[in-house]
Undergrad: 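Below are the structure tokens for one structure; questions will follow.
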Amino acid sequence: MMGETSLVDLLAGGATMGGSLGITLFFLKWAAEFVSKRADKQAERNDAGTRELIERLNAEVERLANDCAELREGLRACERKHLESDAEVMRLKAMLQGFGEARDKASLIVAAEKLQQKDKGE
């Protein structure tokens, strides 16, 4: 009987098909784990790189904040010195103006004395 298959043939065919399916599923599982592990490792590398970048940026921001504070303090010192210089200039201008007025007054006094002497001498 040619069309009939024996039980042994059926069992052998089922075992072959089951083994093939098992190997295929094992390979698919292995491939999925391999890809996911690679993705996890890539994510870990990205996270480490991001953390390092953030740490460097934080350090740079801190350094710039310190520099800014130092520059502001220097600017305040310059502003104080500028105000002191302006006050000194004003004081000197007032002094010069006072000397000018005193010189004018002295000239008037000298001229008046000369006029008196001239009037006495005449």
Undergrad: Please check if the number of heavy atoms outside Arg45 that lie under 6.0 Å from its CZ is greater than 12.
TA: yes
Undergrad: Can you tell me which residue pairs pass the salt bridge (Lys or Arg N to Asp or Glu O under 4.0 Å) test with a partner in residues 10-31, sequence neighbours excluded?
TA: Lys29-Glu33
Undergrad: Hydrophobic side-chain clustering at under 4.5 Å (ILVMFWY, transitive links): who's grouped with Leu75? Put none if nobody.
TA: none
Undergrad: Once ring pair (Phe, Tyr, Trp, His ring centres under 6.0 Å) is applied, do any residues pair with Phe34, and if so which ones, sequence neighbours excluded?
TA: Trp30
Undergrad: Would you please name every residue forming a side chain to side chain donor-acceptor pair (under 3.5 Å) with Glu73, sequence neighbours left out?
TA: Arg76
Undergrad: Output every pair passing salt bridge (Lys or Arg N to Asp or Glu O under 4.0 Å) with a member in residues 90-99, not counting sequence neighbours, ordered by first then second residue.
TA: Glu88-Arg91
Undergrad: Rest of the hydrophobic cluster containing Leu115 (Ile/Leu/Val/Met/Phe/Trp/Tyr, side-chain heavy atoms under 4.5 Å)?
TA: none
Undergrad: So, taking the atom named CZ in Arg103 and the one named CG in Leu96, what distance separates them when rounded to the nearest 0.5 Å?
TA: 8.5 Å
Undergrad: Atom CZ in Arg51, atom CG in Asn46: separation rounded to 0.5 Å?
TA: 10.5 Å
Undergrad: Distance from Glu60 atom CD to Asp67 atom CG, nearest 0.5 Å?
TA: 8.5 Å
Undergrad: Can you tell me how far the CD atom of Glu62 sits from the CG atom of Asn58, to the nearest 0.5 Å?
TA: 8.5 Å
Undergrad: Just verifying a value: how many Å separate Leu21 CG and Thr16 OG1, rounded to the nearest 0.5 Å?
TA: 12.5 Å
Undergrad: Please determine whether the number of non-hydrogen atoms from other residues, nucleotides or ligands lying under 6.0 Å from atom CE of Met95 exceeds 12.
TA: yes
Undergrad: Let me confirm one number: the CG-SG distance from Leu83 to Cys78, rounded to the nearest 0.5 Å.
TA: 11.5 Å
